[in-house]
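Below is one structure, written out as structure tokens; comments come after it.
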Amino acid sequence: MAERMVHLKVRRQDGPTRPDTGRWEEFKVPLLPQMNVISALQQVQLNPVTVEGKRVPPVVWDCSCLEEICGACTMLVNGRVRQACSALVEQIAPNGEVITLERMTKFPLVRDLIVDRERIFDDLKKVRAWVEMDGTHALGPGPRESPEQQQERYALSRCMACGCCLEACPQYNDSTSFVGAAVINQVRYFNMHPTGAMQANGRLDTIMGAGGITDCGKAQNCVQVCPKEIPLLDSLSSMARATTKRLLLGWLLK
Amino acid sequence: MAAKKTVRSEGGAIRRVAVVGGGLAGLTTTIKLCEAGVPVDIFSLVPVRRSHSVCAQGGINASVNTKGEGDSPRVHLEETVYGGDFLANQPPVKGMADAAPGIVYMLDRMGVPFNRTPEGLLDFRLFGGTLFHRTAFAGATTGQQLLYALDEQVRRFETIDVVDEVGMTIAGERMVRKFEMWDFLSMVLDDAGRCVGMVAQDLKSMQIKAFPYDAVCLATGGPGVIFGRSTNSVICTGAAAARAWRQGAIYANGECIQVHPTAIPGADKLRLISESARGEGGRIWVPKDQKDRRAPKQIPEKDRDYFLERQYPGYGNLVPRDIASRAIFQICFHEKRGIYNDKTTKNENEVYLDLTHKSEAFLREKLAGILEIYEKFAGVDPYHNPMKVFPSVHYSMGGLWVDFEKDASGSLKAGSPRNHATNIPGLYAAGEVDYQYHGANRLGANSLLSCIYAGMVSGPAIASYRQSLARSAYDLPTSVFDDAEVRETEDYQRILEQNQGKDGENVYQLHQELAEVMLRDCTIERDNAKLDKVIEKIGEVEERLKKVKVDDPQERANQNAQFVRNFESMVGLARVIAQGARNRDESRGAHYKPGFPKRNDAEWMRTTLARFKGEGQAPEFIRSFDYECAGQSVHVTDEVDVSLVPPRERKYETAGAASATAAKKEQTHG
């Protein structure tokens, strides 16, 4: 029996200022047990030769944990944004189909499959996505919380800042300042916490202007692609309600 | 000198400290430094929110005694040093156990969504090596949740301006600056051998730059990637620690490598299934009949061998990791009783980890995070089918040697600049990269705690050290930094240029070869003849490394050249690990030699101290050394401080054996 092979087709480019180097390259590597897209790329590193027999620089890509919890290896696998580590070869190409790999398109290119997602972290600063604490010295336990609310908050807290929801969002691009579902979900997360809620209005204010909640076009793509199944639509609608309420009643409550 | 306590150097620069690594230890160190008014630059291979701490699953230990079981920090201390087989210095462990409840409360105040009791209090679960519910948890992704909480607090400091000693805001200078996707290359040392900065490389542009710092703290995690496939992230190469070692930092107990009993086999990595699976009732078993072909659910109780429960009735499935891993290895490797596979017609290196007797609702609330990993990567529903697992390299108890200063109570003296100081003045180490808390075997859920505690201690220690400086690094001649930058730039050029035009070696291939022998002969069972072969292989790899050529000539994001440089460092650390294992002729914790099956306190209750001798040379193993910290000369020996819990033999067959002394004390003193 011939050795089963994995067929990769990778979109490459040497850097943001080098569109002339944009190209597709194809590789065939041996199929291994429990193989995922990352281990297929690792096989390319061992022998970086294309299907045409040309020796090329190994493909570069971003990855770290390899168990879909760090968010680093997010890319387009067969056109769909997801983590490459949990893309199992046997599932996405059971009969040796070509697997295409492309970088995310909404973030500046670094090289090949690597992009720079710093904008997400900058936006988290803008919305003040943290609990304001007095310090790390001993001040006893935090506020009590019901198991129900803990479960609700936990579901929101699993966001890896991978950017899938932003890649899929028609409103998120380099010509708008929309912060996107991931960041608005964080506003809801911190506004739900008993201590975090003390700064709830301040956080809402940050998503009431340009780039905030009203930029959401309700395409609902975000929730479809979230690898952690975070209830992003609930977060968007809940923050839309909260900001509307603040807009209408805020001046009265002052 | 007046300058030493000021925010600015004499030349007017903002005096910063560097923290390398943005996991739990690095972020906690950063927060503590900021609270002490010290501005910080963080360097990290990945955006800090993606650091390896994110992989930790089960929880964090703290003896809060919510369940009224009589747990206390005293019991936690005893169980930790007992589990570590009496190789850990006890004062730092006492400091950690005493601080643990406060640390969990602090995280609670940061908003970590810890699981709750019906009363709304923090819930705690069981973990290995104890019979007390001591582990606070956020589902089964606790590391992720703790990392995020600390990341958020550090992000807050990224928005806060530096304030000088008279209260003036310094415009444009933030308390924290981040250098994400940068690699630590080396320390900058002054003429006196003091660490006065570091050289790093931007992994996007590949620019190499030297920075002055009043101190540097390595919080760079463990070296699992040396073993190829492990539960570690791909960034956990140990290269930063290895580089510090090559520049003179002492590496301690390198041979103490933890193999976790339960991981999912995979082509690129072995994914952990947390000990919390057993803490919540999971059971390990194999069929009694070696050739049993039935699906696991079809095999009745009487035909199953719950071998951990059989061999260790006292602690059962919750024996410490070294013991569970050896037992699984014995069943699969020596007795060939791993799960029989009809397709391959052989007994695979796998055992069952079974949670199917628990309700799905219970499992979803407590363990969804890990069961989701199993479902995604093994393609089988673990709610209704026993999981198939095998041990995997997981954690390094060994690491850079760090100091501590004791107080009158036998705990750590708060604020001492000696705490977490390496033997290089100005270089600190915190987290898995240090060797401090776990002896020869780490207890589950103590790693998140030790990382955060190390940060809680390192921050104030570094602040004290900085205050003691007569001269800031920022006031040294710039040539010190220029020289270091040139040195590293030339070395990087060497990597890009060497062996081009020749039939060179592929570095990834060499890594596979090294990893294979390290994994096979330097993990669960160690044999001196085999270790000699491992060391020989390391020598061979070192020779062939000189013939490595990079396939990538690009200027941007050159991962190939970066890995060559990393691997050159990793091979040195592999030597420390293998030679340390070769030397230690006894069995203690995770270090097990069938040829020397007993612990030998008379000869080996001591810290392995390895010093770099030169390229391609065996490390030098020393019994003592002197170093200088904040103007004080300190004499260090390899003696283990066992002043709090007298050493005794481990007996996990008997319930309560690990906490016998403390339990007795609790009874007498209340």
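By convention in this document, chain letters (A, B, ...) are assigned in the order of the sequence lines, proteins followed by strands, and residues within each chain are numbered from 1.
Interface remark: A/F121 contributes backbone and side-chain atoms alike to the contact with chain B (heavy atom separation under 4.5 Å). Only the side chain of A/Q42 has a heavy atom closer than 4.5 Å to any heavy atom of chain B. For A/Q186, the part sitting under 4.5 Å from any heavy atom of chain B is the side chain, from C-beta outward, and nothing else. If you measure heavy-atom distances from A/D116 to chain B, the contacts under 4.5 Å come from the side chain alone. Looking at B/F377, the atoms closer than 4.5 Å to chain A (heavy atoms on both sides) sit in the backbone and in the side chain alike. No part of A/V37 comes within reach of chain B, as not one of its non-hydrogen atoms sits under 4.5 angstrom from that chain. With a threshold of 4.5 angstrom between heavy atoms, B/Q562 does not approach chain A through any atom at all. Only the backbone of B/T117 comes within less than 4.5 Å of a heavy atom in chain A; its side chain stays farther off. With a threshold of 4.5 angstrom between heavy atoms, A/L31 does not approach chain B through any atom at all. For A/Q45, the parts lying near chain B are the backbone and the side chain together; criterion is any non-hydrogen pair under 4.5 Å. Using a 4.5 Å cut-off between heavy atoms, B/T141 contacts chain A through both its backbone and its side chain. Interface remark: A/P33 contributes backbone atoms only to the contact with chain B (heavy atom separation under 4.5 Å). Proximity to chain A is absent for every atom of B/F563, based on heavy atoms less than 4.5 angstrom apart. Interface residue A/A129: only backbone heavy atoms are found under 4.5 Å from chain B. For chain A, the nearby parts of B/Q509 are the backbone and the side chain; heavy atoms of each come within less than 4.5 Å. Only the backbone of B/V112 comes within contact range of chain A, with heavy atoms under 4.5 Å apart.
Here the side chain of A/E145 pairs no donor or acceptor atom with the backbone of B/N115 at under 3.5 angstrom. Using modelled atom types, no side-chain atom of A/K125 and backbone atom of B/R155 make a donor-acceptor pair closer than 3.5 Å. Using a distance-only test at 3.5 Å, with no hydrogens or angles considered, a donor-acceptor pair links the side chain of B/R271 to the main chain of A/L66. The backbone N or O of A/G142 lies less than 3.5 Å from a partner atom in the side chain of B/D108, making a donor-acceptor pair. Of the possible polar contacts, one joining the A/R111 side chain to the B/R556 backbone as a donor-acceptor pair under 3.5 Å is found. Under the 3.5 Å distance criterion, the side-chain polar atoms of B/R50 are matched with a main-chain donor or acceptor of A/C70. Checking side-chain atoms of B/R116 against main-chain N and O of A/R144 turns up no donor-acceptor pair under 3.5 Å.
Taking chain B as the reference chain and counting heavy-atom pairs below 4.5 Å, the highest number among A/P141, A/P48, A/G140 is found for A/P141. The residue among A/E67, A/E90, A/M35 with the most heavy atom pairs within less than 4.5 Å of chain B is A/E67. Of the listed residues A/P58, A/A138, A/G15, the one with more heavy-atom pairs under 4.5 angstrom with chain B than any other is A/P58. When A/Q34, A/E148, A/E118, A/Q91 are compared by the number of non-hydrogen pairs under 4.5 Å with chain B, A/Q34 comes out ahead. Of the listed residues A/C63, A/G196, A/G135, the one with more heavy-atom pairs under 4.5 angstrom with chain B than any other is A/G135. When B/G102, B/P47, B/C34, B/G111 are compared by the number of non-hydrogen pairs under 4.5 Å with chain A, B/G111 comes out ahead. Here A/I69 is the residue among A/L124, A/I114, A/L32, A/I69 with the most heavy-atom pairs under 4.5 Å with chain B.
Between B/R156 atom CZ and A/R128 atom CZ the span is 8.5 Å, to the nearest 0.5 Å. How far CG of A/D62 is from CD of B/Q559: 7.5 Å, rounded to the nearest 0.5 Å. From B/Q512, atom CD reaches atom CG of A/L46 across 5.0 Å, with rounding to the nearest 0.5 Å. Between the CZ atom of B/R49 and the CD1 atom of A/I120 there is a distance of 9.5 Å, given to the nearest 0.5 Å. Here CD of A/E132 is found 12.0 Å from CD of B/E152. Values are rounded to the nearest 0.5 Å.
The 12-atom threshold is not exceeded at CG of B/D503, counting heavy atoms of other residues, nucleotides or ligands nearer than 6.0 Å. Heavy atoms from other residues, nucleotides or ligands lying under 6.0 Å from CD of B/E555 number 12 at most. Enclosure of atom CD in A/E52 by more than 12 non-hydrogen atoms of other residues, nucleotides or ligands within 6.0 angstrom is indicated.
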Inset, instruction - Output, in order, the C-alpha distance, side-chain angles, deciding distance and verdict of side chain to side chain contact (heavy atoms under 4.5 Å, CB included) for B/D551 and A/R55. - result: CA-CA 8 Å; B/D551 282 310; A/R55 198 162 187 88; 3.2 Å; yes

Legend entry - From CA spacing to verdict: side chain to side chain contact (heavy atoms under 4.5 Å, CB included), B/E372, A/K228: CA-CA 10 Å; B/E372 176 187 289; A/K228 295 294 150 190; 3.0 Å; yes

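Listed here is the closest heavy atom pair of A/C65 and B/S233: CA-OG, 3.3 Å. Taking every heavy atom of both residues into account, A/T136 and B/K32 meet most closely at OG1-NZ, 2.9 Å. Between B/A557 and A/V60, the shortest heavy-atom distance links the atoms O-CG1, 3.5 Å. Between B/M106 and A/M133, the shortest heavy-atom distance links the atoms O-CE, 4.0 Å. Residues A/P147 and B/P118 approach most closely at CG-CA, 4.1 Å, considering heavy atoms.
Applying a 4.5 Å heavy-atom cutoff, the residues of residues 81-88 of chain A that approach chain B are A/C85, A/S86, A/L88. Of all residues in residues 153-165 of chain A, those placing a non-hydrogen atom less than 4.5 angstrom from a non-hydrogen atom of chain B are A/R153, A/Y154, A/S157, A/R158, A/C159, A/M160, A/A161, A/C162.
Checking B/D268 against A/N36 by side-chain atom types alone, a donor-acceptor pair falls below 3.5 Å.
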